[in-house]
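Since the model is a prediction, treat every value here as computed from it, not as a measurement. By convention in this document, chain letters (A, B, ...) are assigned in the order of the sequence lines, proteins followed by strands, and residues within each chain are numbered from 1.
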Amino acid sequence: MTLLTIDGLKMYYRSDDGYVRAADDINLELERGQTLGLVGESGSGKTTIARSVIRLLPDNAEVIDGSIDFDGTEITELSERALRKQIRWQEVSMIPQNAMNSFDPVYTVGQQIVQVIRYHEDGVSKKEAKDRGRRLFGELGIDPDRVDDYPHQFSGGMAQRAMIALALCLEPKLILADEPTTALDVVIQDRILETITGMQEEINSAMILITHDISVVSETSDRIAVCYGGRIVEQADAETIITNPRHPYTLGLRNAFPDIGDTDTDLVSIPGTPPELVDPGEGCRFAPRCPFAVDECWDVTPQPEEFDDGHIVECHRADEADELRERAEQKETWEEVRERPSQPQGAGGRR
Amino acid sequence: MGLREYVVRRILQLVLTLWALVTLLFVLFRMVPGDPTTRFVMEYPTDAERQARIEELGLNEPLYVQYLEYMGQLLRGEFGDSTHYREPVSQLIFPLFMNTVVLMFTALLIAYTIGILFGAAMGWLRGSRFERGGIVAVLMARSSPEFWVGIILVWLFVFQFGLFPRSGIGGYGGELTMNFVDRYVNFDFLRHLFLPALTGAIVYLATPALLMRNTMLEVLKADFVEMKKAEGLPERTVLYKHAARNSVLPLVTVAAIATGAAMGGSVIIETVFNWPGVGREMVASVSRNDYPVAMAAFLLMGTSVIVMNFVADLAYLYLDPRVKYE
Amino acid sequence: MSLDTPSESTAAQAEGGTESIDRRKLRWRRRLNALRSWGSLLKEDRLGQIGLAILAFFILVGIFARPITVEIGPVWSQVQPFSLAPHGYTDRVATEGLHGPTWAHPFGTTDLGRDVLSQVIIGTRATLIVGTIAAFMAVFIGANVGIVSAYYGGWVDDVLMRITDIVYGVPFLPFAIALVFILGATLVNVIVAIVLILWRGTARVVRSQVLSHKQRPYVESARAIGASDFRIMYVQIMPNVLPLISLYAAFAVAWAVIAEASLSFLGLGPQGMISWGEIIYDVRSAGALREAWWWVFPPGIAIMLFVMSVFFIGRSLEKVVNPDLRHGK
């Protein structure tokens, strides 16, 4: 059963130079209890997309078009008050990247858990709320007595666990996990990730897992969506994205992390920088960095195209994927991009 | 450097600063052009009396002896005798000092309570019309010298509406022997306190309001503010329970410093409202050449400044254990 | 602001034995950039514009208030012949004193039958003179103490900062009152009293700013090339703390004007000059506060507007110094 449907969402930021198209034509679906991996570089729009679900965006953000349906509720039209009381934390909670900074330093962790429980659930006493916090701490492998500690008394990994406790205390239907392990030691990253997925299964909640590291989502997600320049350039079930990707950007991302793909290929990073999202003009936004870009790519914005069941790609050359996949594994393919002139003659719109 | 070492160093610095103030005071009042002794004894009509007074004050001694005697006197907590009131300065100055403390403390309490709430709201509503208007209002108040604010309030509340008394401290004002409660806790006193305290509050409001706004802008960038919004907590909770609560820390030190400075800044307000405090007494005694009183008043105000600066530094250490000492 | 960092390092790299024209150009461009960045900020900063307009108005009024005559020995010449003020500030223009506004005397007359408008116009001068001279001297001393203290560090820093701490322990107004009373209420003494206290704030902030600049690569490379201490302090570091210094200069003008007005209000203003604070002192001594609103409001509003204009300008300078305060993203 579908929990979340994002349909044609355009979420732009107003700026002095015009609109920043942080999320452009986004289409996503998420089933109950499933995990969606949102992958992309910083500035690719993945955080904007996820936060649109609870409208936790800067003041200059504006929904230009599209809809967000969460469990029958239209988020874009919801009043501030209803959004706060019914959606935020009650239905959708969040695990941020930096748990340490995401707790208010002047209150104990317990006080902050009690506060949010008592705000959203009527008739819960302080003691009951605190007991729930202690129980969650226990389940997450923290000494329950530490609910009375201040955030700065926790280690990084412990703080992240405490944050998970906070995120789960209302048993939400959806958890937005925004790079939940990036700030942590490599050693404990996996353990935290396991904890999150374990608890998620227990309360049967869905999750949107945001990360720049494709290897993280490959293990934990049911479905993966790859973001680039404010658009979802490719989405499919996790298996397909890992074994049979079609978008050159996904191919590049795969190369950048060692855990997946062929183990004997060199690590190659994608050259270049993310695109400017103010007035990006026509053409594929990845073209300046794409080793396979042809003239069409510079002039015509590719439209989503569905291949196998639910495998949606925005690329003009998606049907040549088998050939491109091979070339993408060569280091030289990507290095050529660096040497080529930044824009062929006659292409409009970008520098 | 350890905490203990820092505190010890800071205490030594306090002593040094106090000593410097005392010495400065001595030099200042011996700088009088011409014969420095004449101004001290101008009040006395005959030569014989003047001579007697000069000897009594020790003004005929060499300067260093005078200095040492002056220091010794201060260490014993004495300020000498007033040439105008003809009584020990210490007896008359402390009740006056209490009046100043009560007035300025009230003013600061109002200024910091309102300033903090107002500044937090300005930071929260960054870029709004409320913020812009608030800044102009606050700067306008800050741009007005105390006497100007005082005069406007007198003109409005006393002359136009006739709501409050024009000056003084109330019916018992002259009675300095009364105990604290009788002197300050009565309706008449509060009526007299209102306008001068409001004057101070208006002038002192700008510092906490603007500072609070600026620290709010910093704190609002912190992840936890975003997090509290994600938790669905009402805006007012996020603003006052979380963002403002975190912004208030640096204001504690500023408040301590302001308290010290206010004791010295009370001169004008006390003059406008004829408030019997150390500030007005200092101006009066300087113009009467009553130097023992003037020096004592100055010393009390300066000591307040120095001690409160010291308190501010220590408060900072206590409130934020993560702070590093240089 | 963002523009001056790269050109700064270029300037330091280009540092050779002789000063090349290129480098001098770069340095000027850098200064111009700081100025220009304030200029472009000002375009969107309404308060800053209003502040500048009010200040310009007061400066013009101050200059043209009364004719200015320059005398060198027997030779004298009138460099500024205009007189904005219709009367001298002690001229008796009405036979009966204390009269409300009329066409002839828009701000009314004083108890001695003097024209309030003329007094307020001429009073602008005292404010301008005390405000600019005292603020300039205070900031000059403060900036130098700050730079020297931070640059040399060690015992120099210790001594200068202990002195600064001591000055921080002196209550401003009581000190000024005592000093002016003892030494006499002259223009020079009023300014000296203000300057002796006012430099402390600038010294502290400039010191901390220079401390952070001392660590930057451009100072290192200048030192490696063998530039003199004086050169590093005043040619390399100084331009970078100049926006901060000008910010403190603006605040110093505000404090100096308020201090002068307060001294004058107590009857300790500079003798032989009329100032806004002194007009209000006169109202009080004449016991005319209840009656003569026309006499007390103009000088009070003038002080407020003047100080406000300086604060407005200061706020817009603050955005140059601290870009975080700018609005928007």
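Of the atoms belonging to A:L166, it is side-chain heavy atoms, and not backbone ones, that fall under 4.5 Å from chain B. For B:K228, the part lying under 4.5 angstrom from a heavy atom of chain A is the side chain only. Only the backbone of A:F103 comes within contact range of chain B, judged by heavy atoms closer than 4.5 Å. Within the 4.5 angstrom heavy-atom criterion, atoms from both the backbone and the side chain of A:L56 approach chain B.
With a 4.5 Å cut-off on side-chain heavy atoms, B:M263 and B:V278 do not count as touching.
Each of A:K85, A:H120, A:M163 has some count of heavy-atom pairs under 4.5 Å with chain B, and the biggest count is that of A:H120. Comparing B:G232, B:A243, B:A222 by heavy-atom pairs within less than 4.5 Å of chain A, the highest count is held by B:G232.
With rounding to the nearest 0.5 angstrom, the CZ atom of A:R88 is 7.5 Å from the CZ atom of A:R55.
Applying the ring pair (Phe, Tyr, Trp, His ring centres under 6.0 Å) test to residues at least two apart or on different chains, none of the pairs has a partner in residues 210-236 of chain B.
For B:K229 and A:W89, the positive end is not near the middle of the six-membered ring at less than 6.0 Å and at most 45° from its axis.
Shown here are the ring-ring contact (aromatic ring centres under 6.0 Å, His included) partners of B:F97, two or more places apart in sequence or in another chain: there are none.
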